[in-house]
Each structure stands twice: as structure tokens, then as C-alpha cells.
Amino acid sequence: MFFQWRSFRRDVVTCACEPEWPGLRAEVDGHEVAGVPSPEGSSPLVLMLGLAASCTGCGASYPYGWVVAERG
């Protein structure tokens, strides 16, 4: 198993949506994955796969911790 740790902090990007960050999404092998913000930081799954979330509205890169949303 390989870990992809980010040793840098991406530039903070401002979301152009109102309200900010209406939803998060990432792409894994051509499939869209829904995400939710996490005050505790990114989940191990997100870190191991090196996933980067973006806003579902404007497409801005999400600079904070997030986790994959539960399916439901």
C-alpha cells in the first residue's frame, strides 16, 4: 500500500457560490465521489488515494480537510 502525503498547502481558493461550498466532489477512476467538510481533517482514505475535492457549484479547489460522504 502506498501513501501519498501532501507536504504543501494548496493556495486558499475562494468559493464563488452563495452559500460557500454547497457541496464537495472528487474524481476516482472516472467516477464522481461526493464529499463533506470535516473539522477533524481529511480521512485516511482521502489521504491514501490523494483525492482533491472541489466545489460542486463553481469548481473551486477545497483547501481544508474533508471525508467521503455516506451513500444513501
Side-chain angles (χ1 to χ4, degrees):
M1 190 181 326
F2 295 98
F3 294 92
Q4 294 180 345
W5 299 104
R6 292 186 194 141
S7 61
F8 61 92
R9 183 76 173 183
R10 288 182 282 168
D11 294 333
V12 175
V13 178
T14 303
C15 178
C17 298
E18 189 61 43
E20 280 191 324
W21 309 111
L24 300 176
R25 68 173 167 228
E27 189 173 306
V28 178
D29 295 329
H31 299 282
E32 189 172 296
V33 175
V36 293
S38 173
E40 293 137 15
S42 294
S43 70
L45 175 67
V46 168
L47 295 173
M48 284 190 300
L49 295 177
L51 300 177
S54 61
C55 176
T56 56
C58 66
S61 295
Y62 189 67
Y64 308 110
W66 66 283
V67 296
V68 174
E70 291 184 23
R71 299 171 90 184

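These numbers were taken from a predicted model, which means no experiment stands behind them.
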Quick one: closest heavy-atom pair of [X] and [Y], and the distance?
X     : Y     : result
Pro63 : Trp21 : CD-CZ2, 3.9 Å
Ala60 : Cys15 : CB-CA, 4.2 Å
Cys58 : Cys17 : N-SG, 3.5 Å
Gly59 : Ser54 : O-CB, 3.7 Å

Please tabulate, for side-chain N and O atoms in residues 44-52, each donor-acceptor pair with protein atoms closer than 3.5 Å (sequence neighbours left out).
none

Using a 3.5 Å cut-off and no angle test, enumerate the donor-acceptor pairs between side-chain atoms of residues 27-42 and protein atoms at least two apart in sequence or in another chain.
unit_1	atom_1	unit_2	atom_2	d
Ser38	OG	Glu40	N	3.4
Ser38	OG	Gly41	O	3.0
Ser42	OG	Trp66	N	3.3

